[in-house]
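First the structure, in the form of structure tokens, and then the observations on it.
Order of the sequence lines fixes the chain letters, A, B, ..., with proteins taken first and strands second; residue numbering starts at 1 for each chain. Worth saying up front: this structure is predicted, and the values here are computed from it rather than measured.
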Number of protein chains: 2
Amino acid sequence: MKHAAPRRAPLYQQVKILLLEALESGEWLQNDVLPSEFELAARFEVSQGTVRKALDELVTERVLYRRQGKGTFVAAYLDEWDRAGFVLSGFNRTQEVEKVQPELLTCMRANASEEVSEALGVRRGAPVVFVKRLLRLNGRVMAMDDVVLPGDLFDGLDSRKIRQNGGALYELYHRVFGVRVVRTREQLRAEPAASDEARLLGVDKGSPLLCVTRVAYAAEDKPVEWRRSWINTEQHAYSST
Amino acid sequence: MKHAAPRRAPLYQQVKILLLEALESGEWLQNDVLPSEFELAARFEVSQGTVRKALDELVTERVLYRRQGKGTFVAAYLDEWDRAGFVLSGFNRTQEVEKVQPELLTCMRANASEEVSEALGVRRGAPVVFVKRLLRLNGRVMAMDDVVLPGDLFDGLDSRKIRQNGGALYELYHRVFGVRVVRTREQLRAEPAASDEARLLGVDKGSPLLCVTRVAYAAEDKPVEWRRSWINTEQHAYSST
DNA sequence: TAGTGGTCTAGACCACCGC
DNA sequence: CGGTGGTCTAGACCACTAC
């Protein structure tokens with residue numbers, strides 16, 4: 001890379017991309033240690049400082065983590081709640097993060113509504129995949145959500161693939177479709193439960209639900225998922241970290 | 001700083017602290033340009049790269065901003081909604097951020113409740129300052145909040161000071177009490193309006209409100225403010241950015 | 001002790017800005 | 001054109017980890 005063709009992006013950005021490609025190709029798996037900064041520098045024909053700057057960014061994006069004296073490692077791909085920077089946590093005391101168990105209700109082809117098409121940057125009526133789920137915490141139903149994905153990016157997605165993956169959607173997007181969620185945006189509202197939601201969540205119609213509308217973005221701010229969740233916050237809070 | 005006493009923190013961290021002190025002392029004001037990286041390096045007797053690393057952190061913390069070819073500048077201190085990473089925004093269409101107008105209802109001395117004392121890391125019953133406000137958006141009441149501050153950090157705080165400052169609390173903490181909010185954590189719930197809240201917000205008792213419990217932290221994760229807001233999300237959403 | 005990440009330096013060149 | 005931030009290098013030393 002010493003004297004490559006007229007440089008467009010900075011070297012460390014190019015190194016970062018090469019590292020991401022190597023990661024996606026499976027060269028290093030979860031919790032594997034990467035070659036040392038000097039070895040990577042030799043491989044990419046740049047200086048150690050340049051590799052370090054690329055690694056810095058991947059660490060802040062939580063793709064890698066470092067341990068002084070040991071090395072640089074591949075981070076576990078975070079599940080969808082973590083990736084959003086949010087977790088469902090006990091409202092009083094218990095700060096431990098509890099595991100969310102999703103149950104798939106629906107997975108079907110559909111066409112983008114007005115709201116979804118704007119959020120995903122596709123034309124209205126464009127083919128999308130529609131997913132409906134129920135989310136349990138310690139066996140108790142406590143949220144439901146509708147997920148809408150652009151059809152072109154998620155071509156072969158079906159119920160079987162989702163169930164196989166145990167319901168961790170963002171990991172599925174990444175591993176099977178090569179779509180890595182980098183950032184999310186959310187809008188939050190308090191809404192009275194409609195009859196459908198009340199029935200599914202086992203609450204009275206009209207009781208307050210936390211309604212979260214989320215758009216997930218991959219690299220270069222490309223929107224890749226629209227999602228609306230209804231959460232019963234009687235026992236738990238939706239918390240930022 | 002070349003050969004200072006046995007080094008505890010890295011040089012760039014020390015430089016960062018010196019820069020923050022200079023900022024708090026008013027050496028440079030909002031949108032002022034700082035000396036160049038080389039001038040700062042000479043002043044602190046470190047290399048330009050070390051100054052740059054200190055500036056990098058202050059830029060990511062939004063204390064400074066840079067313009068290539070021009071210089072490094074002092075950022076405007078963000079108001080409390082921005083600093084939290086949240087803004088109240090129109091739910092449909094209009095993405096422009098609207099200005100929140102706070103109205104002070106109460107400012108009094110009180111004692112820390114159990115919940116507040118845990119969040120602020122003070123003993124139960126410790127002296128605190130209690131503030132109650134009404135928040136308007138375009139003249140319409142749309143939220144209320146209770147703010148609790150540790151009494152030792154905010155000794156002379158009273159209604160007059162809050163009103164003088166136009167209600168921007170985080171800027172007041174910073175400018176008058178030297179407390180710079182760096183990070184916040186929030187827990188969100190949907191709750192039925194109690195009679196007090198319903199009356200103040202002009203909604204029916206029991207109608208859904210978004211309840212946000214926030215703890216704000218200064219440097220070194222020191223908690224400096226506890227706050228609970230009730231938000232009417234009929235017309236607007238509480239949105240992350 | 002050897003190898004890793006973490007810090008720091010001095011100097012170079014580039015891209016952008018304003019005169 | 002000179003001055004600024006932005007990138008890149010080569011080499012040094014430190015702190016931590018493992019053996």
Rounded to whole Å, please give me the gap between CG in Leu64(A) and P in dT4(C).
16 Å
Nearest-angstrom distance from the residue atom CD of Gln48(A) to P of dT9(D):
11 Å
With a 4.0 Å limit, can you tell me whether Arg67(B) has a side-chain N or O closer than that to the phosphate oxygens OP1/OP2 of dC17(C)?
no
Would you say a side-chain N or O of Thr72(A) is under 4.0 Å from OP1 or OP2 of dT4(C)?
no
Between CD of Glu37(A) and C1' of dT4(C) the distance, given in whole Å, is 8 Å
Spacing of Leu11(A) atom CG relative to dT7(D) atom P, expressed in whole Å:
11 Å
Assess whether atom CG of Asp155(B) is packed by more than 12 heavy atoms of other residues, nucleotides or ligands within 6.0 Å.
no
Touch class at under 4.0 angstrom, heavy-atom based, for Gln68(A) against every strand present
base
Can you tell me the distance, in whole Å, between the NZ atom of Lys53(A) and the P atom of dC8(D)?
8 Å
Out of dT4(C), dT9(C), dG6(D), whichever nucleotide has its closest atom nearest the side chain of Ser36(A)
dT4(C)
Would Arg43(A) and Glu27(A) pass as an ion pair if we require N to O under 4.0 Å?
yes
May I have the distance from Glu57(A) (atom CD) to dG6(D) (atom C1'), rounded to whole angstrom?
13 Å
Nearest-Å distance, CD (Glu45(A)) to P (dT9(D))?
11 Å
What does Phe38(A) touch in the nucleic acid at a heavy-atom separation under 4.0 angstrom: a base, only the sugar-phosphate, or nothing?
nothing
Between P of dT7(C) and CD of Gln14(B), the distance in whole Å
12 Å
Which of dG6(D), dA10(C), dT7(C) is nearest the side chain of Arg52(B)? It is dG6(D)
With a cut-off of less than 4.0 Å, is there a side-chain N or O of Lys70(A) near OP1 or OP2 of dA18(D)?
yes
Crowding at CZ, Phe38(A) (>12 non-hydrogen neighbours, <6.0 Å)
no
Using heavy-atom distances to pick each residue's nearest nucleotide on DNA chain D, tell me which of Tyr12(A) and Gly69(A) is more 5'.
Tyr12(A)
Proximal nucleotide (of dC16(C), dG5(C), dT9(D)) relative to the Ser47(A) side chain
dT9(D)
